[in-house]
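Input: a single structure, listed below in structure tokens.
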Amino acid sequence: MILIVAEKRSVAHAIAKFLGGGYKLEKIQGVAAYRFNYGGREAVALGLSGHLMDFDFAARQNVWTWIPPEELFASQPLIVYRPETMKYVKALRTLAARTHEVYLALDADVEGEAIAYEAALLVRLMNPRAKIYRVRFNAVTQREITNAFRNPTHINLRMVEKVFTRMQVDLTLGAVFTRFITLAVRHSLDRGQFLSYGPCQTPVLGIVVTRELQRRNFKPEKYYVVKALVEIDGHRIEMSADVRFKTRKEAEEAAATISRGVVKAAVYKPHHVNPPVPLETVELEKRASRWLGINSKRTLDIAEELYRGGYISYPRTETTIYPPTLDLREVLQELASGHLGYYADELMSRGFRPTRGDSDDRAHPPIYPTRGATKGEIAKTFGKLAPQAWAIYDFVVRHFLATLSPPAVVEKQKIVVSFGKLEMEAEGQIVVDEGYWRIYPWERQSSKPLPRVSPGEPARAVKVYVVERETEPPPQMTESELLALMKKYGIGTDATMQDHIHTNVRRGYMKITKGKCIPTDLGIALATSLFQFAPQLIEPTVRAKMEKALNSIVTDGTPPARLIYEIKKEFEEYYKALKARKEEIKKALETALNSSRNSQRG
DNA sequence: GCAAGGTC
């Protein structure tokens, strides 16, 4: 028998379908396995659920009050089975006992490599003489899979080492600093409550708090602008000067010079607004937060359910290019039975060309709808979440249709009038062609037309006035903006970014209200303490630096032990700096904890 | 009871 191990059930299923044609679904220790005939031999494809193993400290070290947190710097975390995936371990053991040939068909990324290694460890324990191969495919398609199995290779140990190093480093740093700040304020916490540090979650908090403090410390400044109602060829146009005056007096002096002028420029230029590129995870989360009022965690949870229900493709992807193997016309045909069927039909008869982004994770296609569903159907599956599930499904459908649609066309308009010293401007636009906005209302723009005038025409100011304005603080951080910043700084992965935001919410460090991230007193106190005494723990650039160091294991063969030693040494310094200020940190955190407790009680 | 990363 040949055993094939995949990262998730859907891939195991696809492999059985592509390599075997027909298959038989079996349950092994409660786990789905696909049995099929592979070139005359019996094969079984088993789908896992991510990692089988994890790291943890020894039991004695897991009683927080028994050892000082810094002792963990000197400890070696142990590799253990993850309790949640024991049934996959059992299924793998059962199958491994009956096979001599194993193909590790996990995703073609570093995590997949690590999971492959975990599976290989298990297989070896059961069956030391089994031949173990690694197969790599860049998409779950007939061609890629067939090719991969024709060219089996071996596990890349450096990739495995990178992942295992990251696991140990993150656990150690997370545990040391989580325990330190928790124990510092232990008596002010509720039962079961703790304060946490993590190399992703904490920089996320830092970003949000930094913005909030910028807003609080912002000193608005008054400034003055000159506006005028200008008559050109019988048309009256509201115009303004693109100059900020510091005082009213200066503005009024400038305004006094405005009476007769001449049109310096009159531009009416067509402009294409291109439809969005194919949908990736973080973009789905950003748009759902901004336009549908659904936060990123909820969005991914619902997308996962929609995927499992067969409504949309796999929701965790960084790809923004439709693979050539994806038959877009087939997808449109499927959508023809759904709520936007008329539009799908129209695209099919008129023809279409998909937009194209610039990223390909070489594992998953962009997110697209896989079924033309009705509201009633979704309502049945989702119960209380039905309105939000429908909103997300509808969005995925519309986004997909938009990527195949023509651009919208607007005429951009600009008139500039010269009044001697000062120039006045007006901008407007006319929607010429709605294009993809017809089914993508969130980006729709409206017409604000200007009259048609020509350069050289005389102009006359009918009314001139000075308007007082104030500079404004930066806006509150939106969740959508936060996701964009996390991506920019390399904090987390497409699949985990929403988790890191949510962790901050769960710990009481911030709230998300109407798409805005608002730090609590506790979040501000924690972030401020860290910025003051150990900024390296909270700066947004720390994660990318660590990621780069970890990558050197793969690219340069840096020995993991050396890297772990160096990172620990560095963070021990930050730990010492924090410990020296324990009393101040304790006071700041306790004040915040008490104030939030009082406000909760009203 | 700590993290981040897979996946459900």
Side-chain angles (χ1 to χ4, degrees), chain A residues 6-12 30-32 47-57 59 61-67 69-73 75 77 82 84-85 87-88 106-119 159-160 162-183 186 189-204 281 300-309 314-317 361 363-364 486 490-504 506-507 537 542-543 546-547 550 567 571:
Chain A
E7 193 155 321
K8 45 190 164 276
R9 181 179 172 162
S10 62
V11 174
V31 178
L48 305 178
S49 178
H51 283 282
L52 295 167
M53 297 175 186
D54 200 355
F55 283 87
D56 196 4
F57 291 107
Q61 296 177 312
N62 271 338
V63 184
W64 294 16
T65 46
W66 281 7
I67 59 161
E70 61 264 41
E71 194 183 301
L72 298 179
F73 278 129
S75 312
R82 295 179 59 230
E84 313 92 282
T85 46
K87 67 172 182 177
Y88 297 92
L106 293 108
D107 289 357
D109 51 29
V110 287
E111 295 297 331
E113 213 65 21
I115 300 168
Y117 183 83
E118 293 163 19
M159 289 167 90
V160 178
K162 178 199 163 171
V163 173
F164 282 13
T165 304
R166 193 211 66 233
M167 286 167 125
Q168 295 176 66
V169 165
D170 284 347
L171 173 66
T172 305
L173 303 184
V176 167
F177 291 101
T178 295
R179 292 182 190 189
F180 171 77
I181 51 181
T182 298
L183 294 176
R186 161 157 69 127
L189 296 173
D190 294 333
R191 243 183 95 85
Q193 187 188 7
F194 58 90
L195 304 184
S196 61
Y197 157 84
C200 286
Q201 58 173 272
T202 302
V204 167
T281 307
L300 194 53
D301 285 350
I302 288 175
E304 178 74 40
E305 280 303 309
L306 287 169
Y307 158 68
R308 292 215 288 159
Y314 190 67
R316 288 182 280 266
T317 171
D361 66 13
H364 307 287
M486 290 172 73
I491 302 173
T493 68
D494 59 327
T496 60
M497 282 184 191
Q498 41 82 31
D499 264 340
H500 302 313
I501 297 175
H502 186 68
T503 299
N504 279 288
R506 254 184 11 245
R507 300 276 192 271
L537 294 183
V542 289
R543 188 53 174 181
M546 198 184 287
E547 185 68 27
L550 289 167
I567 294 175
F571 279 77

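Computed from a predicted structure; not experimentally measured.
The minimum heavy-atom distance between A:P203 and A:G198, with the atom names listed, is CD-O, 3.5 Å.
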| message | With side chain to side chain contact (heavy atoms under 4.5 Å, CB included) as the criterion, how do A:I67 and A:L72 come out once you've worked through the C-alpha distance, each side chain's angles and the decisive distance to 0.1 Å? | response | CA-CA 8 Å; A:I67 59 161; A:L72 298 179; 3.7 Å; yes
task: Walk me through it: do A:R166 and A:E547 pass the test salt bridge (charged side-chain N to carboxylate O under 4.0 Å, His left out)?
output: CA-CA 8 Å; A:R166 193 211 66 233; A:E547 185 68 27; over 6 Å; no
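In this structure, the CZ atom of A:R507 is 8 Å from the C1' atom of B:dC2, given to the nearest Å. One interatomic measurement links the two molecules: CG of A:L306 to P of B:dC8, which rounds to 14 Å at whole-angstrom precision. In this structure, A:H51 places its NE2 atom 5 Å from C1' of B:dG5, rounding to the nearest Å.
The base of B:dC2 sits with one of its N or O atoms less than 3.5 Å from a complementary donor or acceptor on the side chain of A:D56. No donor-acceptor contact under 3.5 Å links the side chain of A:R308 to the base of B:dC8. A:D54 contributes a side-chain N or O that forms a donor-acceptor pair with the base of B:dA3 under 3.5 Å.
Looking at heavy atoms from C-beta onward, A:V542 lies out of side-chain contact with A:L537 at the 4.5 angstrom threshold.
Contact check, A:R543 against B:dG5: a side-chain N or O comes under 4.0 Å of OP1 or OP2. In this structure, A:H500 does not reach the B:dA3 phosphate: none of its side-chain N or O atoms is under 4.0 Å from OP1 or OP2. Between A:Y314 and B:dT7, a side-chain N or O to OP1/OP2 separation shorter than 4.0 Å is present. Side-chain nitrogen and oxygen atoms of A:S196 include at least one within less than 4.0 Å of the OP1 or OP2 phosphate oxygen of B:dA3. Side-chain N/O atoms of A:R9 include none lying less than 4.0 angstrom from OP1 or OP2 on B:dC8. One finds no side-chain N or O of A:Q193 lying less than 4.0 angstrom from the OP1 or OP2 phosphate oxygen of B:dG1.
Minimum atom distance to the side chain of A:W64 is reached by B:dG1, of the listed B:dT7, B:dA4, B:dG1. With B:dG5, B:dA4, B:dC2 as the candidates, the nucleotide lying closest to the side chain of A:E111 is B:dG5. Checking B:dG5, B:dC8, B:dA3 against the side-chain heavy atoms of A:T496 singles out B:dG5 as nearest. Nearest nucleotide to the side chain of A:C200, out of B:dG5, B:dT7, B:dA3: B:dG5. Distances were taken from every side-chain heavy atom of A:T178 (C-beta onward) to each of B:dC8, B:dG5, B:dA3; the shortest belongs to B:dA3. Comparing B:dA3, B:dC8, B:dC2 by their nearest atom to the side chain of A:A175 picks out B:dC2. With B:dT7, B:dC2, B:dG5 as the choices, the nucleotide that has an atom nearest any side-chain atom of A:F57 turns out to be B:dC2. For A:K8, the side-chain atoms get nearest to B:dT7 when compared with the rest of B:dA4, B:dT7, B:dA3.
If you check every strand for non-hydrogen atoms under 4.0 Å, A:R191 touches nothing. Within the 4.0 angstrom heavy-atom criterion, base atoms lie near A:F55. Nucleic acid contact for A:E84: none, since no nucleic acid atom lies under 4.0 Å from a heavy atom of the residue. Using a 4.0 Å heavy-atom criterion, one finds that A:N62 contacts the bases of the nucleic acid, with or without backbone contacts as well. Residue contacts for A:G492: at a heavy-atom cut-off of 4.0 Å it reaches the sugar-phosphate backbone alone, with no base atom in range. Residue A:T503 is out of contact with every strand shown, counting any heavy-atom pair closer than 4.0 Å. At a threshold of 4.0 angstrom between heavy atoms, the contacts of A:E305 with the nucleic acid are absent. At a threshold of 4.0 angstrom between heavy atoms, the contacts of A:R186 with the nucleic acid are absent.
The structure places OG1 of A:T281 at 8.5 Å from OH of A:Y314, a figure rounded to the nearest 0.5 Å.
The 5' end of DNA chain B is approached more closely, in terms of each residue's nearest nucleotide, by A:G198 than by the other of A:G198 and A:G50.
A side-chain hydrogen bond (donor to acceptor under 3.5 Å, both in side chains) with A:S196 is found for one member of A:R507, A:R506, A:R179 and no other, namely A:R507.
For A:D494 (side chain) and A:T317 (main-chain N/O), a donor-acceptor pair under 3.5 Å exists by modelled atom type.
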